[in-house]
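The analysis underlying the following values was restricted to heavy atoms, covering all of them including side chains, and did not include hydrogens, waters or symmetry mates.
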Amino acid sequence: MHAMQYEITLPADYDMEIIRKRVATRGHLLDDFPGLGLKAYLMRERGAGSPVNSYAPFYLWATPEGMNSFLWGPGFQGIVDDFGRPRVRHWTGLSYAEGPASGAAPTTATRLRVPVPEGVGPAGFIADEVAEEAAEPGVVASAVAVDPSRWELVRFTLWEQPDPPADGDRFQVLHLSEPGRAGLRSGRQW
């Protein structure tokens with residue numbers, strides 16, 4: 001599993017209805033994309049609990065071929081054409097779990113990025129973080145991944161409720177494409 005996200009920060013006066021309409025008209029295009037586990041179409045709105053307006057889709061890829069096909073194909077080119085080429089963050093998947101609310105449609109996502117501290121064994125730190133995988137009421141699904149070039153761990157969680165009891169950046173989920181969600185391997189992935 002590979003996690004991927006790009007976040008496009010938009011002007012403070014940007015009409016976020018444009019993003020909502022974009023997702024409403026185009027979101028379904030990845031509902032059967034080969035190699036995609038899931039894509040959460042995410043948005044943050046300035047003044048609604050966020051310091052910025054942003055569009056920030058988060059992906060869990062079941063195969064690297066699917067991710068590459070998207071990045072080098074027409075799907076990502078549409079983003080480049082409309083917003084410019086964003087920096088794409090990528091993390092190696094460490095674990096994935098369906099939550100107690102796995103059958104519900106998510107309304108909120110949280111992204112918590114945590115640096116792996118200096119002087120700490122990375123394997124032990126990561127094992128502890130994975131062991132704390134969110135299994136709280138309201139969790140639809142959760143993934144933990146790491147970027148070893150930055151030694152940064154990311155915990156991405158989809159929630160059923162709009163105000164979940166979790167730390168991290170909060171996003172509104174506008175749509176969830178999940179063609180390969182059932183095939184994402186549960187549990188620790190090393």
Worksheet item: Quick one: CE on Met16 to CG on Asn53, what's the gap to the nearest 0.5 Å?
Response: 4.5 Å

Worksheet item: Does Arg113 pair with Asp147 as a salt bridge, N-O distance under 4.0 Å?
Response: no

Practice prompt. Output the distance between atom CE (Met67) and atom OG (Ser69), rounded to the nearest 0.5 Å.
Written response: 11.0 Å

Discussion item. To the closest 0.5 Å, what do you measure between CZ (Arg87) and CZ (Arg89)?
Written reply: 5.0 Å

Practice prompt. Step through it carefully: locate the ring centre of Phe70, locate the ring centre of Tyr59, and say whether they are under 6.0 Å apart.
Written response: yes

Item to complete: Report yes if the distance between the aromatic ring centroids of Phe76 and Tyr6 is under 6.0 Å, otherwise no.
Response: yes

Worksheet entry | Under 3.5 Å side-chain donor-acceptor pair for Trp159 and Thr107 | no

Worksheet entry | Minimum heavy-atom distance between Asp32 and Pro179, given as atom pair plus value | CA-CB, 3.7 Å

Item to complete: State whether Glu178 and Lys39 are salt-bridged, where the test is any N-O pair (Lys NZ or Arg NE/NH1/NH2 against Asp/Glu carboxylate O) under 4.0 Å.
Response: no

Worksheet entry | Check against salt bridge (Lys or Arg N to Asp or Glu O under 4.0 Å), Glu45 and Arg170 | CA-CA 10 Å; Glu45 230 171 329; Arg170 292 174 188 265; over 6 Å; no

Discussion item. Is a donor from one side chain sitting under 3.5 angstrom from an acceptor on the other, for Trp72 and Gln77?
Written reply: no

Discussion item. Quick one about Gln189 and Ser95 (side-chain donor to acceptor, distance below 3.5 Å, no hydrogens or angles considered), yes or no?
Written reply: no

Discussion item. Salt bridge check, Glu7 against Arg111: does any charged N sit closer than 4.0 Å to a carboxylate O?
Written reply: yes

